[in-house]
Amino acid sequence: MKTNLPEMNFFDGFYIWFNKEKKEEYYATPLYLYKANTKVEYDNRLVSVYLEDKKRKTPVEEQGLKFPGNMYFPYHEKFGMFLVRFLNADFQHYESAYDTFFYAYGFEILKELDEYYKFELLDKYKDETEYLKEMKKIFLALQYKIQEVQEEMINCVTYIYNLDNREKLEEFTPSQRFAVYLIKHLGDLYKYNKNDNVIKDNYSNKHLEFSILSELQLLERFKNNDILVSMIDTHESKDLSAICYAVLEELVKAPGSPIKKCQNCGMYFIPTSRLDEIYCGYPKSDGKTCREKGAFQAYNERLKQNRALAEYRRLYQLKSMAVGRNKDNEQMKNDFEKWKKDAKAKVNKLKHGVLTEDEVYEWLIKNK
């Protein structure tokens, strides 16, 4: 059955597609209650959206929130964030479920989750209180199903990316484990793509995107290789499990996009710069990320293990505090600047293997 992309401003359902080269994913769906700071990039036909925290006005990175829009101004975020956010979501209570997941993707993706419970979302509610009351009923009716899907996705992600370090799985790739997980029915993942309607991309879908160019301009740009039109299929579904399956399948097929579990907080994440990252980049209550905390802890651990670095840090703090207490003593300030320059040079040589730990330590003791 052929399905066309929606052209109305408002529509039910959830649409998601991926650009693995840019490591981005795009999605579109109505959301009937929203609080967000939104910036429309008209030139790029994208919408950047930020969660508006009740306590602070600073935008929270990588947390998208939507308003009713259309397919030609999609909401965008980093590749795989839908699945990662679902894995990390707290579905114990309605409020926590909304704050950690549904605020971004809406409740439309629950329509096919339970074949016996069908609900219709209205595009208008009398007020916010009425909306929240109705959405809470929907969530509570399907809560156990949502938690089942989350548990299954956690189990299969753990297997596919070998997050529990099982020795028998180490020599195999995520795509190989993914295939075996499906073939052997190791979980329920094989059932999850039944409600995924894949809309095949074709050039006619690009009409609005390139409507500002004349026929001749478009031909000339194709001729000069000045334009690249990527053909990217779209997944349409009202089934949460089907969308999770679609995202996971795309991640498995894309090298360099593994799902990992933070060794500090236990949250799932996708590395942003290095594949061997072990800490996530999610800000915690103190504003610092586990990646920042991990780097600080690693630095302190190196100090404990290297007496030259530890002595350098100790002397630096002592001299710095002494200068701070004697701000009018120019000689002390100049001596500190000279010592700091010489000491940093010694430490850099230590880090590059030019000097040994003992040599640097002895120099610091003689010049303290």
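The shown structure was predicted, so the numbers you read here are calculated from the model rather than taken from an experiment.
- Of the inter-residue distances, the one linking Tyr161 atom OH with Ile259 atom CD1 reads 5.0 Å to the nearest 0.5 angstrom.
- Closest approach of Glu357 and Ala308 over heavy atoms only: O-CB, 3.5 Å.
- Grouping the Ile, Leu, Val, Met, Phe, Trp and Tyr side chains by contacts below 4.5 angstrom, directly or via other members, places Val180 with Val252.
- In this structure, Gln176 places its CD atom where more than 12 heavy-atom neighbours from other residues, nucleotides or ligands lie under 6.0 Å away.
- Leu315 is not connected to Tyr361 by any chain of hydrophobic side-chain contacts under 4.5 Å among Ile, Leu, Val, Met, Phe, Trp and Tyr, and they are in different clusters.
- At a threshold of 4.5 Å between non-hydrogen side-chain atoms, the residues Phe79 and Glu24 do not count as touching.
- Side-chain atoms of Lys194 and Asp239, non-hydrogen and from C-beta on, do get closer than 4.5 Å to each other.
- By the 4.5 Å heavy-atom criterion applied to side chains, Leu355 and Lys346 are counted as neighbours.
- Without hydrogens or angle criteria, Asn329 side chain to Met332 main chain gives a donor-acceptor distance under 3.5 Å.
- When the shell of 6.0 Å around CD of Glu167 is examined, it contains 12 or fewer heavy atoms from other residues, nucleotides or ligands.
- A donor-acceptor pair under 3.5 Å links the side-chain atoms of Thr100 to the main chain of Asp90, judged by distance alone.
- Residues Leu219 and Glu215 meet the side-chain proximity criterion, which asks for heavy atoms closer than 4.5 Å.
- Donor-acceptor pairing under 3.5 Å is lacking for the side chains of Glu25 and Tyr27.
- Taking 4.5 Å as the limit, some side-chain heavy atom of Phe18 sits within range of a side-chain heavy atom of His235.
- A continuous path of ILVMFWY side-chain contacts below 4.5 Å connects Leu140 to Leu240, so both sit in one hydrophobic cluster.
- Side-chain atoms of Lys20 never come within 3.5 Å of backbone atoms of Glu250 as a donor-acceptor pair (strictly under, hydrogens ignored).
- Residues Phe86 and Phe91 place their aromatic rings such that the two centres sit under 6.0 Å apart.
- Looking at every heavy atom in both residues, Arg177 comes nearest to Tyr159 through CD-O, 3.3 Å.
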>> For a side-chain contact (heavy atoms from CB on, under 4.5 Å) check, start with the C-alpha distance between Arg221 and Leu213, then their side-chain angles and the critical distance, and finish with the verdict.
In response: CA-CA 10 Å; Arg221 293 190 65 176; Leu213 299 176; 3.7 Å; yes
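- Atom-to-atom distance recorded for Glu170:CD and Asn165:CG is 7.0 Å, nearest 0.5 angstrom.
- Atom CD1 of Ile160 and atom CG of Leu182 lie 7.0 Å apart (nearest 0.5 Å).
- Across all their heavy atoms, Gln92 and Ser96 have their closest contact at N-OG, 4.1 Å.
- Rounding to the nearest 0.5 angstrom, the gap separating the CG atom in Asp358 from the CD atom in Glu362 is 6.0 Å.
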>> Determine whether Lys136 and Glu95 satisfy the following criterion, side-chain contact (heavy atoms from CB on, under 4.5 Å), listing intermediate values before the conclusion.
In response: CA-CA 9 Å; Lys136 188 171 185 177; Glu95 290 75 16; 3.7 Å; yes
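- Leu186 and Leu163 fall within the same hydrophobic cluster, where Ile, Leu, Val, Met, Phe, Trp and Tyr residues are linked whenever their side-chain heavy atoms come under 4.5 Å apart, directly or through other members.
- In this structure, the separation between CG on Asn88 and CG on Leu83 is 9.5 Å, given to the nearest 0.5 Å.
- Residues Ala343 and Leu364 come closest through the heavy atom pair CB-CD2, 4.4 Å.
- Between Glu77 and Arg85 there is a salt bridge, since at least one side-chain N of the basic residue sits less than 4.0 Å from a carboxylate O of the acidic one.
- Around NZ of Lys319, the count of heavy atoms belonging to other residues, nucleotides or ligands within 6.0 Å exceeds 12.
- Taking the six-membered ring for Trp and the full ring otherwise, the centers of Phe14 and Phe82 sit less than 6.0 Å from each other.
- Distance alone, capped at 3.5 Å, is enough to place a donor-acceptor pair between the Ser237 side chain and the Asn195 backbone.
- Between Met153 and Leu189, the closest heavy-atom pair is SD-CD1, 3.9 Å.
- Classified by interplanar angle (parallel below 30°, tilted 30° to 60°, perpendicular above 60°), the ring pair Tyr312/Trp339 is parallel.
- Between Phe336 and Tyr316, the distance from one ring center to the other falls under 6.0 angstrom.
- Residues Pro271 and Lys260 share a closest heavy-atom pair of CG-CD, 4.0 Å.
- Counting heavy atoms from C-beta outward, Leu87 and Met267 have side chains that stay 4.5 Å or more apart.
- Counting heavy atoms from C-beta on, the side chains of Asn155 and Glu151 come closer than 4.5 Å.
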>> Between Gln143 and Tyr94, is the side-chain contact (heavy atoms from CB on, under 4.5 Å) condition met? List the steps.
In response: CA-CA 9 Å; Gln143 183 179 18; Tyr94 167 70; over 6 Å; no
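- From Gln150, atom CD reaches atom NZ of Lys145 across 15.5 Å, with rounding to the nearest 0.5 Å.
- For the pair Leu248 and Tyr192, the minimum side-chain heavy-atom distance is 4.5 Å or more.
- Taking the six-membered ring for Trp and thresholds of 30 and 60 degrees, Trp17 and Tyr26 have nearly parallel ring planes, at less than 30 degrees apart.
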> When you look at Val360 and Lys349, which way does the side-chain contact (heavy atoms from CB on, under 4.5 Å) test go after all the steps?
Replying inline: CA-CA 9 Å; Val360 175; Lys349 288 182 178 180; over 6 Å; no
